[in-house]
Amino acid sequence: MIVLSAVAKVYETRQGKRTVLDDVNLRVEKGEKVGILGRNGAGKSTLIRLMSGAEMPTSGQIRRDMSISWPLAFGGAFQGSLSGLDNLRFICRVYDVPIKPAIAFVEDFSELGTYLREPVKKYSSGMRARLAFAISMAVEFDCFLIDEIVAVGDSRFHEKCRVELFEKRRDRAMIIVSHSPDYVREHCQHAAVLSGGRLHRFDKVEDAFQFYQDEPT
């Protein structure tokens with residue numbers, strides 16, 4: 001499971017300290033799928049980064065009893081001067097994943113062809129997203145973090161991603177940040193709303209949307 005206990009995140013700005021998250025508590029069990037709603041600037045992406053371990057909380061604790069992915073389709077951590085293949089090899093070593101099966105999977109799934117052996121800095125944003133998503137599927141996680149809708153490539157490739165993530169890995173836990181009611185309703189069992197730095201958890205997705213819609217903008 002993943003447990004957040006009294007988690008706070010404060011950033012230093014030119015205008016002084018800014019509290020983005022304040023006393024956030026959340027528990028996600030194995031296989032559970034939770035949607036997180038919030039206005040722009042509410043701190044949703046910050047929360048995802050804290051859960052992934054990319055950032056540390058200012059205070060509070062995050063307990064991780066299952067492996068957690070990076071935010072899906074996020075390619076910002078790639079080393080641009082290395083090829084897509086070399087980035088994949090590096091990630092496999094970090095996560096102790098067998099390299100040969102991962103290469104075979106990423107070559108087939110990403111459909112990057114010879115570009116997989118080119119420096120990532122030469123990739124378009126769409127190619128980076130394809131590589132990032134393919135690598136995310138090559139490394140098996142217990143919980144996937146999804147920051148907004150995973151829409152990679154054209155409609156055919158988008159459907160391929162949907163099947164790979166939501167059908168083949170339907171037994172995994174997922175934490176989904178999205179503004180789309182239909183997306184959260186389709187994939188989540190429960191939902192929470194991030195507002196004023198606090199996370200409000202609801203057992204029913206519709207109750208979360210009602211709270212979200214009633215929030216002052």
Side-chain angles (χ1 to χ4, degrees), residues 1-11 13 17-74 133 136 139-151 161-162 165-217:
M1 74 180 78
I2 302 168
V3 181
L4 280 70
S5 302
V7 168
K9 185 64 178 179
V10 180
Y11 291 102
T13 72
K17 292 183 178 181
R18 178 174 177 244
T19 300
V20 177
L21 302 175
D22 181 20
D23 194 28
V24 168
N25 297 278
L26 179 66
R27 182 188 183 104
V28 180
E29 302 284 351
K30 185 177 180 180
E32 187 178 6
K33 294 166 181 61
V34 178
I36 296 179
L37 308 166
R39 309 290 180 191
N40 289 334
K44 302 184 301 298
S45 294
T46 298
L47 182 60
I48 286 287
R49 289 195 300 273
L50 294 182
M51 285 190 281
S52 72
E55 289 190 42
M56 297 296 292
T58 304
S59 61
Q61 293 184 333
I62 300 178
R63 173 182 159 194
R64 304 175 185 87
D65 292 334
M66 53 184 172
S67 60
I68 306 173
S69 78
W70 52 82
L72 293 199
F74 174 70
F133 189 89
S136 298
V139 181
E140 293 293 348
F141 295 102
D142 299 319
C143 178
F144 288 95
L145 300 178
I146 304 170
D147 195 351
E148 295 298 346
I149 295 174
V150 179
C161 293
R162 186 195 66 79
L165 177 60
F166 292 113
E167 292 189 14
K168 293 185 179 180
R169 291 163 179 78
R170 63 169 62 94
D171 61 329
R172 312 300 168 83
M174 296 182 189
I175 300 170
I176 301 174
V177 170
S178 178
H179 291 290
S180 169
D182 292 338
Y183 195 70
V184 172
R185 287 187 182 105
E186 181 181 0
H187 299 298
C188 298
Q189 302 156 306
H190 311 291
V193 180
L194 192 56
S195 175
R198 299 292 182 95
L199 192 67
H200 306 268
R201 174 76 184 264
F202 297 87
D203 289 333
K204 296 181 179 179
V205 172
E206 292 305 319
D207 290 344
F209 274 109
Q210 188 62 55
F211 181 92
Y212 180 62
Q213 291 167 356
D214 291 344
E215 264 193 298
T217 56

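What you see below is based on every heavy atom in this structure, not just the backbone, and it leaves out hydrogens, waters and symmetry mates.
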Output yes when a side-chain donor or acceptor of Lys168 lies under 3.5 Å from a complementary backbone atom of Phe166, and no otherwise. no
| task | Apply side-chain contact (heavy atoms from CB on, under 4.5 Å) to Thr58 and Thr19, showing your working. | result | CA-CA 10 Å; Thr58 304; Thr19 300; over 6 Å; no
Give the C-alpha distance, both sets of side-chain angles, the deciding distance and a yes or no for side-chain contact (heavy atoms from CB on, under 4.5 Å) between Phe141 and Trp70.
CA-CA 10 Å; Phe141 295 102; Trp70 52 82; 3.5 Å; yes
Ile2 and Ile175, any side-chain heavy atoms less than 4.5 Å apart
yes
Here the gap from Met66 atom CE to Met1 atom CE, rounded to the nearest 0.5 Å, amounts to 8.5 Å
Separation between CD1 (Ile62) and CG (Leu4), nearest 0.5 Å, reads 4.5 Å
Please check: side-chain N/O of Lys44 versus main-chain N/O of Gly38, any donor-acceptor pairing under 3.5 Å? yes
Heavy atoms of Cys188 and Gly35 approach each other most closely as SG-N, 3.4 Å
* Asked: Under 3.5 Å, is there a donor-acceptor pair between the side chain of Gln189 and the main chain of Lys33?
  -> yes
Minimal heavy-atom distance between Ile68 and Met51, with the atoms involved, is CD1-O, 3.5 Å
(message) How about CD on Glu167, more than 12 heavy atoms from neighbouring residues, nucleotides or ligands closer than 6.0 Å, or not?
(response) yes
Note: Asp203 and His190 closest approach over all heavy atoms is O-ND1, 2.8 Å
Heavy-atom closest pair (Arg39 atom, Tyr212 atom, distance to 0.1 Å) is NH2-O, 2.7 Å
**Report entry** Any Leu199 side-chain heavy atom under 4.5 Å of Ile36 side chain
**Finding:** yes
Requested in this report: For Ser67 and Asp142, indicate whether the former's side chain and the latter's backbone hold a donor-acceptor pair under 3.5 Å.
Outcome: yes
- Between Val24 and Lys9, is any pair of side-chain heavy atoms under 4.5 Å apart? no
The side chain to side chain contact (heavy atoms under 4.5 Å, CB included) partners of His200 (sequence neighbours excluded) come to Ser195, Arg198, Phe202, Phe211
Between Leu145 and Ser69, the two heavy atoms sitting closest are N-OG, 2.9 Å
The salt bridge (charged side-chain N to carboxylate O under 4.0 Å, His left out) partners of Glu140 (sequence neighbours excluded) come to Arg169, Arg172
When you compare the side chains of Arg49 and Thr46, does any donor N or O come within less than 3.5 Å of an acceptor on the partner?
yes
In terms of heavy-atom contacts, Val193 and Ala208 come closest through CG2-O, 3.4 Å
Checklist entry - Any sub-3.5 Å donor-acceptor pair from Asp22's side-chain atoms to Ala8's backbone N or O? => result no
Check your understanding: Tell me, do Leu26 and Val7 make a side-chain contact under 4.5 Å, heavy atoms counted?
Key -> no
Taken to the nearest 0.5 Å, the spacing of His187 NE2 from Ile146 CD1 works out to 7.5 Å
Taken in chain and number order and not counting sequence neighbours, the residues that satisfy salt bridge (charged side-chain N to carboxylate O under 4.0 Å, His left out) with Asp65 are Arg63
